[in-house]
Amino acid sequence: MDTAIPVSEPSPPAASAAPDGGPPVLKLHIPAHHPAPDDPPDHSAVPRFPAGIVERPDIAVPAHVTHPLADKLIRALDDDGTAIGGWDPKLDPETLRRGLRAMMLTRAYDERMFRQQRQGKITFYMKCTGEEAIGVGQAFALAPDDMLFPTYRQQGLLIARGWPLLDMMCQCYSNPRDRLKGRQLPVLYSSKEASFFTISGNLGTQFPQAVGWAMASAYKGDRRIAAGWIGEGSTAEPDFHHALTFASVYRAPVILNVVNNQWAISSHQDIAGGEAATFAARAIGFGLACLRVDGNDFLAVYAATLWAAQRARANRGATLIELFTYRAAPHSTSDEPSRYRPEDEGLNWPYGDPIERLSRHLSVLGEWSAERQAQLDSEIVDEVREIGREAERHGTFDQGPHFSARTMFEDVFKEMPEHLRRQRQELGI
Amino acid sequence: MDTAIPVSEPSPPAASAAPDGGPPVLKLHIPAHHPAPDDPPDHSAVPRFPAGIVERPDIAVPAHVTHPLADKLIRALDDDGTAIGGWDPKLDPETLRRGLRAMMLTRAYDERMFRQQRQGKITFYMKCTGEEAIGVGQAFALAPDDMLFPTYRQQGLLIARGWPLLDMMCQCYSNPRDRLKGRQLPVLYSSKEASFFTISGNLGTQFPQAVGWAMASAYKGDRRIAAGWIGEGSTAEPDFHHALTFASVYRAPVILNVVNNQWAISSHQDIAGGEAATFAARAIGFGLACLRVDGNDFLAVYAATLWAAQRARANRGATLIELFTYRAAPHSTSDEPSRYRPEDEGLNWPYGDPIERLSRHLSVLGEWSAERQAQLDSEIVDEVREIGREAERHGTFDQGPHFSARTMFEDVFKEMPEHLRRQRQELGI
Amino acid sequence: MPAMTMVQALNSAMDLMLARDPDVVIFGEDVGFYGGVFRVTEGLQKKHGDQRVFDAPIAEGGMLAVAVGMGAYGLRPVVEIQFADYIYPATDQLISEAARLRYRSGGEFWAPITVRAPCGGGIFGGQTHSQSVEAIFTHVCGLKTVIPSNPYDAKGLLISAIEDDDPVVFFEPKRLYHGPFDGHPERPAVPWTGHRQAEVPEGYYSVPLGKAALVREGAAVTVLAYGTMVHVALAAAEESGTDAEIIDLRTLLPLDLDTIVASVKKTGRCVVAHEATRTGGFGAELAALVQEHCFYHLEAPVVRVTGWDTPYPHALEWAYFPGPNRVADGIRRALEG
Amino acid sequence: MPAMTMVQALNSAMDLMLARDPDVVIFGEDVGFYGGVFRVTEGLQKKHGDQRVFDAPIAEGGMLAVAVGMGAYGLRPVVEIQFADYIYPATDQLISEAARLRYRSGGEFWAPITVRAPCGGGIFGGQTHSQSVEAIFTHVCGLKTVIPSNPYDAKGLLISAIEDDDPVVFFEPKRLYHGPFDGHPERPAVPWTGHRQAEVPEGYYSVPLGKAALVREGAAVTVLAYGTMVHVALAAAEESGTDAEIIDLRTLLPLDLDTIVASVKKTGRCVVAHEATRTGGFGAELAALVQEHCFYHLEAPVVRVTGWDTPYPHALEWAYFPGPNRVADGIRRALEG
Ligand SMILES: Cc1ncc(C[n+]2csc(CCOP(=O)(O)OP(=O)(O)O)c2C)c(N)n1
Ligand SMILES: Cc1ncc(C[n+]2csc(CCOP(=O)(O)OP(=O)(O)O)c2C)c(N)n1
Ligand SMILES: [Mg+2]
Ligand SMILES: [Mg+2]
């Protein structure tokens, strides 16, 4: 009888042998950077989904029913501007016009402030050009006291909630009317009144905070839900994982939005893991509901957000929404997209421009006309210019005035501790 | 003509209204703790999967073909000890006996060292009782120079690779034969020779390190792959997310193993997000292959690991394997499971004990007998006792000897900088 | 008055705050049903319900993030990090978020979070269950940092921390959970019973943040310590027969500089003691401050007695730990100059 | 010898190391095709291929983790963190892993990683693009910390860092990328061209880690500075007409204590300057060391001139930044005692 079984020698072939006649050595896969600035724009890798074909499940379905939607694209507006399918929210024309106006205001605001940076009046700016349907459409679908945890690219949320442009401009100028006392970079707004959380310069951090706020709301038996936003690039941060984990474990009443605008500065969404799966699909492994939406389709954005909001409010848990769009603007005023992508890539985006598409839709409905569009255009230009001038009268970054240096030591703590008082003295103020 | 569209008023009902007549207020979901210590053990929530029914895809399939496996359980050994289905690796009896021996050795080693702690000879210990098929089965399926990034509960890997128990024991005693110079808690082994990475006390950190090692191996055109392990509780850490993200983006040749032993100290796997989805399903959102395996089935563990290894070696990327098992032992010698779970919960685990199951299988094959089992039992007891005595002769934690305090200042850096030399002097040695 | 261990005192503080304030919630790894691996939250879930005291996924960063969101809502979350050594994954949410909210929002948002974490060595925890990481947080503006040395302070300070509207990092020297520890591992363990500072009122009281305690009066040298090192410093003073004045800082930030300066101006000599690694430890800040404010009263350099600049080695625990002999030696050096 | 900016010098160091050592790989956010947001890796991917220089997901912790695994394999990864302010998510892998591997494995495993990160203010980056976080890392045993102040050192030190077998955190003062900065924002920006230390050999050379540089000899007071503050200190000395000796530390850990002590023993006075928040900053360690080693030579307390203990406020950049006036004032206080 022999039980003296040696333990040391494993049975499979040694590592150096190739299995199944496959390739003999390992290779590292680096996602290709494509297309390069000099190449013609190429969106051939972006699948074309027709509008109206994705079914709209009941908000009460188990999460897994939504999982096949991770590989589709919810679209309500077709290329001709007609609304079709179950995801058409059937908004009245008045609401559609309000949506159009808010999107246009957002774009005009962005344009002015971008120029202000070029003129040296502010230090920095970030536009959301091409992504206006997201901020505006989502704000429209949420209740005004639902709490928002945005990134720097959802100014549309604030504008759609009617938050004064003047206030936003003064933040960018860091002038004495800046409610943030000149402490934050331009565009990192905060407004408790508008239920809009203070935007962080650190990517991702707000995403699980939204889950915590939602947990608190649920704990208190409140009715308000929370919504968080994150860029597709930032989904690689731990915060994304934490948001999904905690939302799943505690069934938090939150909407988790991934804005996939294809780029994270110069890195294509492939570098964030978009090559092998959609970002909506991240929900599957956590048993969360997911929707993947044409982010340039105001109607689809609105409808999907409303679906997720109703689901959350009904204690059915969180939904991850991937908003598929394109960052038409440079990343920020510090960015030089001409170094890493073809200049006209945005113009060729297969899902068009959100403002044009909604405008066309209103026309198709017979609720809009070239004249009304032109009038609204000039109205908005005037409005932004006028408010802009007023804001500048309060001070610009380059010319001042600014908050006094005394204020630098405030709000670090609720009450100023002794050592900060001493430091203030040391500064001689 | 009226384009003066107000922006401020959103259309959906205010937050305070309940949608669709649903529940009026939000509620926070806290996963129930069940069953309590005084309740009868209850595994009714654990689905019973029969053996042999899950198909084995070709290793070359696209990852998504494996995704339905996230909700199944790969089993090769049925309850009677018969191997069935496509995942039977058809190992020869000699290999099976070697596997059995390594598992038994692991268990006997654990038992001795646990007692050593109770006797005050070491400070701390962690057993892997009930999980032996994982360490041993996976080591058997990997090449001896594949790099392992384990947690503290895969001592079976080292033992199956034939690493001397004496060395492991001396680490636990922190005696002068401890290759880690008394610096680490017991069980946090390290062996470059055995391609076994230094175990961290910080949960999760090793998981993305395995991906980095695999990327390096691919970068160098090597043939060795890496494998990492993580507990189901620790999948909530960022490291898990990083591992999946980087493995997906760079198609790293790595096997990512989640050992779901139902518990993380006193927290049930529900607290890690196991209530809403399986841990294998986490792979889906990253486009990685996944397998979910009966971790108490030596054959299934071996077969699944070999599948993932061959796939990785063929440059087809990473596989996430969930090894479904039960932590039969207390979390560690510091733990008191009687405070949070029924004492006999483990005995009732529906998937049995891995050692008994492999032994039964060998018997069914006619390759084993009660006598051989008895003889192996006593052989192993003797072996462990003998090595144990030898190890104790080198010193125990309580009695010493230990490394000299001089060595405390070594290996912080490759060369000792001046300030550490001064501190060593200050200690007077 | 009942004698409480530090564990009981901390438990009592949370029990009271849960009862007084419906906005207090407590979560962390294993804190719910089990009551925490050090049993500090024992019984709280049973008494206050699992909506108020619950287990969290193993994600220190996630816990802090969720706490920030809860704090912004209006809750007062108390988060347990199982060991201070595992706080690193939470640093971004603590430093970039919890600590900065109020400032960056112009005072509109803040997060009244208390982060509890057992710290320090003395239990053979090896390098990942023994760390003292306070210096990482005292460097961060917007955070308060507290380390109690006895049950009475532990309860009173924890109540203050939970009531505070700024984020507080609250480190609990785990070696003190069940008894004072003078740094002599060879002597039998002493329970808290009988210790003056283990007489803890069952009801509500608080110990203010930012106030140090004079635990031993003396004229020859000032010893600045906190946590376990307060007891070690006392032993060192007794054993060396030195007329040392010992100050228990209790709160590192905001620091009670007045008490420190008054003492050092009196004694003219100063020793700083902590378990953390030396370089860049909080002792560096203390030495810097003392020489800034008491330079013309100092008769000798400020001496630092600290953990070495190495990880905490499992089997060499007592060669690493700055025990009474090393503190006494530090005192001697401060006296000799 | 060509004049190089700091950006060019750093780029040249990496270019050379990629060419010399096939085990060097470089990754980080936007470092590949684009060449980094500060363009420090410009052209490297094109020249050395995307297997050697590539973009990483936005996950600082993931990058460090992967670098540790690569290091254990035998590579020499160079990781760029886009701004030092974003290093916090990587602290766990840096502190608990990279820094401890060698120790905890008894010398078997280590990770020769270089972590590059632009640090400091001066570009109106607001509170999340201006931080100086070196003190968090100098407190961690097992890490080396480097901050160059000019192109010559930047290249030589980066080469040393990449060649070093221990993990090195390499902070690059972003305000110095394109020219020296004396702390006078009102004056026109100056390019590196013409600066003595911008004469950088195109080939291989190294500046050893752990050696400070005496950048100005003087007898009245010693100023310890690093990074941008070296230039500010020089301006302060000139403008105040003080006979100040200025030491550029270059490496904070291991620290060149001998050079510091020799100087302070000579001058009897010492000012420490850094941009980071004061409490617990590296200046605390320097002040503590100086008073420990030079107590009987000191004629006045060591003065710290630093960033305030607040976040770096966007519009109050120059009230926050410790400019030449404040350094000169610190010098004056050190001289007056
Ligand atoms: C933690 C952290 N890392 C890095 C950065 C620098 N950074 C700012 S924006 C950005 C790209 C973000 O891309 P994405 O998440 O896709 O958002 P988008 O800009 O496309 O809206 C990076 C890397 C940061 N702000 N925070
Ligand atoms: C970062 C970190 N957080 C917390 C701990 C404390 N801790 C040690 S083991 C453990 C439970 C781990 O559970 P799991 O991952 O399921 O592994 P298992 O013990 O079941 O094998 C915890 C919370 C730790 N070691 N590291
Ligand atoms: Mg993006
Ligand atoms: Mg587990």
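A note on names: the letters A, B, ... follow the listed sequences, proteins ahead of strands, and every chain is numbered from 1.
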- Contact class of Leu427(A) relative to chain D, heavy atoms under 4.5 angstrom: both
- Message: Between Ala32(A) and chain D, with a heavy-atom cut-off of 4.5 Å, which part of the residue counts as in contact: side chain, backbone, both or neither?
- Response: neither
- Tabulate, in ascending numerical order, the residues of residues 32-41 of chain D having at least one heavy atom closer than 4.5 Å to a heavy atom of chain A, or enter 'none'. Phe33(D), Tyr34(D), Val37(D), Arg39(D)
- Message: How long is the straight-line distance from CG of Asp30(D) back to NE2 of His331(A), given to the nearest 0.5 Å?
- Response: 8.0 Å
- Task: Measure Tyr312(D) against the heavy atoms of chain A and call it side chain, backbone, both or neither at under 4.5 Å.
- Result: backbone
- Task: Please test Ile265(A) against Gln82(D) for side-chain contact (heavy atoms from CB on, under 4.5 Å), starting from the C-alpha separation and ending with a verdict.
- Result: CA-CA 11 Å; Ile265(A) 309 184; Gln82(D) 203 162 79; 3.5 Å; yes
- Message: Tell me the closest heavy-atom pair linking Met408(A) and Ala319(D), and the distance in Å.
- Response: CE-O, 3.7 Å
- Select all residues of residues 303-310 of chain D having any heavy atom within less than 4.5 Å of some heavy atom of chain A, and report them by number, or 'none'. Arg304(D), Trp308(D), Asp309(D), Thr310(D)
- Query: Rounded to the nearest 0.5 Å, how far apart are CD1 of Ile123(D) and CZ of Phe124(A)?
  - Reply: 10.0 Å
- Query: What pairs of residues pass the side-chain hydrogen bond (donor to acceptor under 3.5 Å, both in side chains) test when at least one of them lies in residues 272-282 of chain A, not counting sequence neighbours?
  - Reply: His29(A)-Glu275(A)
- Query: Under 4.5 Å, heavy atom to heavy atom, which residues of residues 172-182 of chain A contact chain D?
  - Reply: Ser174(A), Gly182(A)
- Message: Looking at Leu28(A), is its backbone amide N or carbonyl O close enough to the side chain of Gln51(D) to form a donor-acceptor pair, meaning the two atoms are under 3.5 Å apart?
- Response: yes
- Item | Approximate separation, where rounding is to 0.5 Å, of Tyr86(D) OH and Leu203(A) CG | 6.5 Å
- Query: When you look at CD of Glu343(A), are more than 12 heavy atoms from neighbouring residues, nucleotides or ligands closer to it than 6.0 Å?
  - Reply: no
- Message: With rounding to the nearest 0.5 angstrom, report the CG to CD distance, Leu185(A) to Gln127(D).
- Response: 8.5 Å
- Checking heavy atoms, do the side chain of Ser404(A), its backbone, both or neither come under 4.5 Å from chain D? backbone
- Item | Distance-only donor-acceptor check, side chains His419(A) and Thr279(D), under 3.5 Å | no
- In terms of heavy-atom contacts, does CD of Glu418(A) have more than 12 from other residues, nucleotides or ligands at under 6.0 Å? yes
- Query: Tell me, side chain or backbone of Glu60(D) under 4.5 Å from chain A's heavy atoms, or both, or neither?
  - Reply: both
- Message: Can you classify the ring geometry of Phe397(A) versus His314(D) as parallel (below 30°), tilted (30 to 60°) or perpendicular (above 60°)?
- Response: tilted
- So do the side chains of Pro311(D) and Arg183(A) get within less than 4.5 Å of each other, counting heavy atoms only? no
- Query: With a 3.5 Å cut-off and no angle check, do the side chains of Asn202(A) and Thr128(D) form a donor-acceptor pair?
  - Reply: no
- Shortest non-hydrogen contact between Ile58(D) and Ala264(A), atoms and distance: CD1-CB, 3.8 Å
- Query: Side chain, backbone, both or neither: which part of Glu410(A) has a non-hydrogen atom closer than 4.5 Å to chain D?
  - Reply: neither
- What distance separates Ser234(A) OG from Glu29(D) CD, expressed to the nearest 0.5 Å? 8.5 Å
- Find the distance between CZ (Phe124(D)) and CG (Asp398(A)) and round it off to the nearest 0.5 Å. 10.0 Å
